Amino acid sequence: MLFQQFYLQSLGHASYLIGDEKTGQALVFDPRRDVNVYTEAARTHGMRIAYTADSHGHNDYLSGLTELTERTGAQVWGSAAGEFGYSHQPISDGQVIEIGDVGLEVLHTPGHTPEHISLLVYDRAMSADHPALLLSGGALLVGDLARPDLLGGQEKAQEAARTFCATIQDKLLALPDHVQVFPTHVAGSLCGGSIGSRLSTTLGYERHSNAILSEVDNTEGFVRECLRLDNLPAVPPYWLRMRSRNMTGVQPLGVLAEPPALTVAEFEQHRETGTIVLDARSPEAFGGGHIPGALNVGLGTAFPTWAGTVLPADAQVLLILDQPGELWEATWQLLRIGYPPPLGWLRGGMSAWRTAAKPLEETPQITVHELNDELARGETELLDVRQPSEWAGGHVPGAAYITGAELPERLDEVPDGKPVAVTCGSGYRSSVATSLLQRHGHTDVRNVLGGMTAWKQADLPTQAG
């Protein structure tokens with residue numbers, strides 16, 4: 001049996017290729033939208049991608065199911081409990097599919113979503129009766145479970161958590177300890193509150209170490225642990241659009257055009273029509289000088305989450321890059337979360353813009369010591385944009401609190417009347433937030449250098465809760 005995991009750090013996403021060496025056929029499970037990684041891997045191993053499936057309708061990225069089918073002719077499987085708008089072969093709980101020496105047992109594992117499935121994998125060449133591994137999707141994560149609160153209000157979330165409890169008791173804890181578990185939501189995903197850093201685990205390890213599983217015999221305790229709001233990350237706005245598109249079927253991309261390099265004049269012409277400038281440089285570079293109204297989301301592991309937070313739905317963007325070689329990394333990060341390719345990027349970067357004598361805007365940076373002095377004198381308001389668990393773990397006394405994910409819808413709650421300093425963990429998210437505030441008319445904003453990490457290192461006062 002061929003088995004390969006593909007880890008995409010920026011989305012905390014893992015996907016899988018399982019191939020049978022006897023027949024040369026392979027399955028891709030939970031594919032991301034840029035499917036070349038799967039076709040290249042299959043080609044390397046002399047395999048043909050014959051099947052593909054999603055564990056569930058994802059909230060955090062656009063699926064590559066239809067793209068992979070377009071490229072390879074693979075048959076799409078879908079949970080028999082789901083209502084999908086794309087052509088697929090329904091697969092049901094308990095169904096066993098044999099692909100040569102690879103056996104795949106379908107487990108309906110609702111909780112994260114109602115239609116959720118996991119695949120229990122047998123390597124018949126090694127053992128006909130003992131399962132080798134579980135592709136768990138969001139049913140079981142490393143040290144965690146996927147959140148049950150994405151499809152409705154509190155009542156619906158509690159119902160989903162109770163369903164999840166039954167899934168764990170009846171389906172997963174019945175499996176042998178030796179079974180290796182390979183989740184779809186891994187380190188970096190916001191689909192859990194405390195996902196471990198390892199990319200796989202075992203049933204036995206989770207049985208003994210997973211804090212939520214320890215409550216499984218107490219249904220109400222399990223529900224409380226699943227729904228701990230102080231533990232669950234805030235949901236980025238773009239997630240609200242992903243599931244419906246995945247359930248309907250994502251339009252294949254086909255052949256993508258190269259986003260063009262634009263002269264300053266061409267770039268300015270697009271900008272004047274209202275196209276958003278997305279500056280993918282570091283917070284420090286952005287703060288030192290940027291195009292007025294630009295949004296700063298530094299290109300890196302958090303780029304898709306924060307681009308999807310501050311960009312309106314279906315926004316087209318113009319890119320500012322540090323290096324031309326970053327173009328396709330930024331483009332694919334946008335495509336994976338449902339945005340069209342950029343209209344173009346600024347040839348020569350900010351150096352070309354400055355030498356053309358075009359307008360510039362700065363975002364002042366403030367150290368934690370300067371911030372502490374200004375707060376003591378009552379000269380500054382502080383806005384904290386971290387996640388709930390970070391805020392609960394310690395924040396500056398008197399700070400206002402709005403998670404970065406909620407900020408676009410709560411701009412009218414930002415403190416007014418004084419300069420506003422914005423803090424996060426290190427300065428990345430606060431730079432995203434300050435750029436959003438500047439774009440929406442808050443002129444006197446500053447980014448806190450080093451964020452709360454620096455504040456605590458300086459032994460400055462904090463309060464918990």
Side-chain angles (χ1 to χ4, degrees), residues 1-8 11 13-56 58 61 63-69 71-80 88-109 116-142 171-172 175-176 178-186 198-203:
M1 181 178 76
L2 171 70
F3 178 77
Q4 187 168 343
Q5 181 187 60
F6 303 83
Y7 173 41
L8 187 61
L11 291 173
H13 169 258
S15 49
Y16 301 93
L17 183 142
I18 296 180
D20 171 59
E21 291 157 326
K22 180 187 295 183
T23 63
Q25 294 184 326
L27 160 76
V28 176
F29 193 65
D30 279 335
R32 68 199 204 204
R33 203 176 188 191
D34 45 323
V35 300
N36 283 350
V37 292
Y38 312 118
T39 56
E40 289 171 4
R43 186 186 316 124
T44 298
H45 294 285
M47 294 278 175
R48 176 173 68 88
I49 297 174
Y51 310 99
T52 185
D54 274 341
S55 57
H56 61 289
H58 298 284
Y61 68 94
S63 169
L65 281 186
T66 50
E67 192 74 33
L68 200 55
T69 301
R71 299 276 193 93
T72 67
Q75 182 182 84
V76 178
W77 297 338
S79 168
H88 66 284
Q89 176 65 43
I91 54 176
S92 304
D93 184 51
Q95 183 177 346
V96 178
I97 302 166
E98 303 287 350
I99 307 173
D101 286 333
V102 176
L104 303 169
E105 182 180 350
V106 180
L107 303 179
H108 180 217
T109 48
H116 193 288
I117 57 169
S118 304
L119 295 181
L120 190 60
V121 181
Y122 294 80
D123 184 354
R124 306 292 194 198
M126 300 296 293
S127 173
D129 302 320
H130 297 287
L133 57 93
L134 177 74
L135 300 181
S136 63
L140 181 59
L141 310 183
V142 177
K171 297 287 180 65
L172 300 187
L175 298 175
H178 74 266
V179 172
Q180 291 182 282
V181 178
F182 291 89
T184 297
H185 303 308
V186 289
R198 291 175 295 112
L199 299 183
S200 66
T201 185
T202 66
L203 253 302

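These numbers were taken from a predicted model, which means no experiment stands behind them.
Closest non-hydrogen pair, G100 versus T23, comes out as CA-CG2, 3.9 Å. Pairing each heavy atom of V35 with each of L68, the nearest pair is CB-CD1, 3.7 Å. When all heavy atoms of G137 and S55 are compared, the closest pair comes out as CA-OG, 3.7 Å. Considering every non-hydrogen atom in both A53 and P31, the closest pair reads O-CD, 3.7 Å. In this structure, F3 and I18 approach most closely via the heavy-atom pair CD1-CG1, 3.7 Å. Residue A74 comes nearest to T69 through the heavy atom pair O-CG2, 3.4 Å, listed as atom of the first residue, atom of the second, then distance.
At a threshold of 4.5 Å between non-hydrogen side-chain atoms, the residues M47 and L2 count as touching. Taking 4.5 Å as the limit, some side-chain heavy atom of L203 sits within range of a side-chain heavy atom of V181. Residues P183 and V142 have side chains in contact (heavy-atom distance under 4.5 Å, counting atoms from C-beta outward). Here the side chains of I91 and L104 are not in contact, with every heavy-atom distance at 4.5 Å or above. With a 4.5 Å cut-off on side-chain heavy atoms, T39 and T72 count as touching. Inter-residue side-chain proximity for S136 and L172 is flagged as unmet; no heavy-atom pair is nearer than 4.5 Å. Proximity of Q5 to L199: side-chain heavy atoms (C-beta onward) are separated by under 4.5 Å at one or more points. Side-chain contact check for T202 versus H178: every heavy-atom pair is 4.5 Å or farther apart.
In this structure, T52 contributes its side chain and V28 its backbone to a donor-acceptor pair below 3.5 Å. In terms of modelled atom types and a separation under 3.5 Å, the side chain of S63 and the main chain of L65 share a donor-acceptor contact. Judged by distance alone, the side chain of Q95 and the main-chain N or O of S92 form a donor-acceptor pair under 3.5 Å. Side-chain atoms of K171 come within 3.5 Å of backbone N or O of H108 as a donor-acceptor pair.
Residues H116 and H58 place their aromatic rings such that the two centres sit no closer than 6.0 Å.
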Open item on the list: Could you go through R71 and I49, starting from their C-alpha distance and side-chain angles, then the distance that decides it, and tell me whether this counts as side chain to side chain contact (heavy atoms under 4.5 Å, CB included)?
Closed with: CA-CA 10 Å; R71 299 276 193 93; I49 297 174; over 6 Å; no

- [ ] Kindly determine whether K22 and D20 satisfy salt bridge (Lys or Arg N to Asp or Glu O under 4.0 Å), including the steps that lead there.
- [x] CA-CA 5 Å; K22 180 187 295 183; D20 171 59; over 6 Å; no

TODO: Show the numbers, then the answer: is there a side chain to side chain contact (heavy atoms under 4.5 Å, CB included) between H45 and Q4?
DONE: CA-CA 11 Å; H45 294 285; Q4 187 168 343; 3.7 Å; yes

TODO: For side chain to side chain contact (heavy atoms under 4.5 Å, CB included), just list the numbers for I117 and W77, CA-CA rounded to whole Å, side-chain angles, deciding distance to a tenth of an Å, and then say yes or no.
DONE: CA-CA 11 Å; I117 57 169; W77 297 338; over 6 Å; no

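Taking CD1 of I99 as the start and OH of Y51 as the end, the distance is 5.5 Å to the nearest 0.5 Å. Rounded to the nearest 0.5 angstrom, L107 CG and L175 CG are separated by 6.5 Å. In this structure, Q75 CD and Q89 CD are separated by 5.5 Å, a value rounded to the nearest 0.5 Å.
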Please set out all donor-acceptor pairs under 3.5 angstrom arising from side-chain atoms of residues 119-127, sequence neighbours excluded.
residue	atom	partner	partner atom	Å
Y122	OH	E105	OE1	3.1
D123	OD1	A125	N	3.3
R124	NE	E98	OE1	3.3
R124	NH1	A128	O	2.4
R124	NH2	E98	OE2	2.6
S127	OG	H130	N	3.2

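Shown here are the side-chain contact (heavy atoms from CB on, under 4.5 Å) partners of S15, two or more places apart in sequence or in another chain: F6, H13, Y38. In this view, S200 and F182 satisfy the side-chain contact (heavy atoms from CB on, under 4.5 Å) rule, not counting sequence neighbours.
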